[in-house]
There are 2 protein chains.
Amino acid sequence: MLQLLAHAGADHTPVVLTSRELGERLGVSQQAASRYLLDLERRELVVRTLANRRQRLHLTPPAMELLRGEYRDYRRIFEGPGRTTISGEVTSGLGEGRYYLSQPGYVVQFTERLGYAPFPGTLNVRLRPSEARRLAVVRDWNGVRVDGFEAGGRTFGGATCYLALLNGRRSHLIRPDRSHYQDVIEFVAPERLRTRLHLKDGDPVKANLEER
Amino acid sequence: MLQLLAHAGADHTPVVLTSRELGERLGVSQQAASRYLLDLERRELVVRTLANRRQRLHLTPPAMELLRGEYRDYRRIFEGPGRTTISGEVTSGLGEGRYYLSQPGYVVQFTERLGYAPFPGTLNVRLRPSEARRLAVVRDWNGVRVDGFEAGGRTFGGATCYLALLNGRRSHLIRPDRSHYQDVIEFVAPERLRTRLHLKDGDPVKANLEER
DNA sequence: ATTACTAATCATCGAGTAG
DNA sequence: TCTACTCGATGATTAGTAA
């Protein structure tokens, strides 16, 4: 149903579609289509405006995210896992990485889903604009999800992690859902990369990114 | 289930997966997973070899075609409809187009699904190798299907049609499932293109192909 | 351990119909 | 017309268990 609505354009503009039409295209009855819509509405995947007997439908961002996830899965089958290289130079952050990676809410998730306890701090890498553009494709990859949570009266956002070999060392690129910077990216690893790789600000680094 | 198997690599090599594992990953019981497999096997989408209690699974070509169709649908949502231009020069076929397009089995399907009664004959266009390569992407598009059938003791293969503007005229590129040539493509239209466009062998033509 | 049958349960569907 | 309710039938799922 979501796929059908997306094809009809409900991803970018409200679309008028009767439940009878939807039912026909889905091969189910009008009643079933109506129920599906109610269900999707309840799950906040579809927003409906009922103007005198005609419903206008449009898809919410979570619905598009869901469809994009499916798209990613199918693309992985036919195009294979994504792979790219990105290079930049080491830079200093504002100590935010250390702060976030000391939050238990993040630590348990990183440990469970990445398979290692993260060193409490991130390595910041500044990208040149051309490199930043190459990073855009990573958005369409299937990464390891880290969910947002609330703690101590504030909310911590979610992120997606992508396996990386940073100068040959196992690490993960972290992409926060709400990213502030575009030219600085952060890596997390089981060890302090700066020490292990003898890096200082301005040193060039190269990361091999792999999907999954 | 098919998607899951494809991800596990069952598209190119047999994979050992218990029904318990499959059930877990699908969020259903072991019994249900077993039933799904039996069903898929009956529909010839999965081939199973049961070696002493361990089943090895692999996906059949029809299953991959089914998944590819899904992939196409999702890609259309996020990448938009495909569009390309292809050029070549008019050539003479062997009169096969006329023969095929006089088969009622094809005529009714073309008429219903393309929206016009096809002129009984195709326009053949010879491509240079560089152009032929650009045609490869069309394989991943969603086209109009024309199914194969049997008539008069022989079988006629299926094909996929793609909307084209050939020198501005509405027509369809025909891609037979079992294509013999790679450098010659065929177009069908409601009228005799050769006459309407005043074409003779060797004349250059340009086709704007659009998905859907 | 497996796969898969049977029986009971449960969810889903469409017909009829109300608003 | 439209959406969406109730309800009986149909279908699917799981638990228990056999092979």
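In what follows, chains are A, B, ... by sequence order, proteins preceding strands, each numbered from 1.
- With sequence neighbours left out, A:Arg72 forms a side-chain hydrogen bond (donor to acceptor under 3.5 Å, both in side chains) with A:Glu65.
- Residue contacts for A:Ser34: at a heavy-atom cut-off of 4.0 Å it reaches a base atom on one of the strands shown.
- For B:Thr49, there are no side-chain hydrogen bond (donor to acceptor under 3.5 Å, both in side chains) partners at least two apart in sequence or on another chain.
- Mapping A:Arg35 and B:Leu17 onto DNA chain C by nearest heavy atom places B:Leu17 closer to the 5' end of the strand.
- With sequence neighbours excluded, the residues satisfying side-chain hydrogen bond (donor to acceptor under 3.5 Å, both in side chains) with B:Glu41 are B:Arg48.
- B:Phe78 does not carry B:Arg75 over the face of its six-membered ring by the limits of under 6.0 Å from the centre and within 45° of the normal.
- Side chain of B:Arg134 to backbone of B:Thr85: a donor-acceptor contact under 3.5 angstrom is found.
- Helix-axis bend for the helix from C:dT2-D:dA19 to C:dG19-D:dC2: the local axis fitted to the five terminal pairs at one end deviates from that at the other end by 40°, rounded to 10°.
- Checked by atom type and distance alone, the side chain of B:Thr60 pairs as donor or acceptor with a backbone atom of B:Leu45 at under 3.5 Å.
- The span of DNA chain D lying next to chain B, judged by atoms under 4.0 Å from heavy atoms, is bounded 5' to 3' by D:dT13 to D:dG16.
- For DNA chain D, the neighbouring residues in residues 25-33 of chain A, judged by any heavy atom under 4.0 Å, are A:Gln30, A:Gln31.
- The stretch residues 4-60 of chain A participates, sequence neighbours left out, in no ring pair (Phe, Tyr, Trp, His ring centres under 6.0 Å) pair at all.
- Listed by chain and residue number, B:Glu186 satisfy the side-chain hydrogen bond (donor to acceptor under 3.5 Å, both in side chains) test with B:Thr122 (two or more places apart in sequence, or in another chain).
- When atom types are taken as modelled, the side chain of B:Glu131 and the backbone of B:Ser87 share a donor-acceptor pair closer than 3.5 angstrom.
- Using a 4.0 Å heavy-atom cutoff across all strands shown, A:Leu37 reaches no nucleic acid atom at all.
- Note that the first and last nucleotides of DNA chain C, 5' to 3', having any atom under 4.0 angstrom from a heavy atom of chain A are C:dC13 to C:dG16.
- Take A:Arg170 and apply the salt bridge (Lys or Arg N to Asp or Glu O under 4.0 Å) test, not counting sequence neighbours, and it matches no residue.
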Contacts under 3.5 angstrom, residues 100-112 of chain A side chains, donor-acceptor by atom type, not counting sequence neighbours:
from	atom 1	to	atom 2	distance (Å)
A:Ser102	OG	A:Arg98	O	3.3
A:Ser102	OG	A:Tyr99	O	2.6
A:Tyr106	OH	A:Gly157	N	3.3
A:Tyr106	OH	A:Gly157	O	2.5
A:Gln109	OE1	A:Arg113	NH1	3.2
A:Gln109	OE1	A:Asp147	N	2.7
A:Gln109	NE2	A:Gly105	O	3.3
A:Gln109	NE2	A:Asp147	O	2.9
A:Thr111	OG1	A:Val107	O	2.6

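- Judged purely by atom type and a 3.5 angstrom limit, B:Glu210 has no side-chain atom pairing as donor or acceptor with the backbone of B:Gly82.
- In this structure A:Arg169 satisfies the side-chain contact (heavy atoms from CB on, under 4.5 Å) test together with A:Glu191, A:Leu193, A:Arg196, A:Leu197, sequence neighbours excluded.
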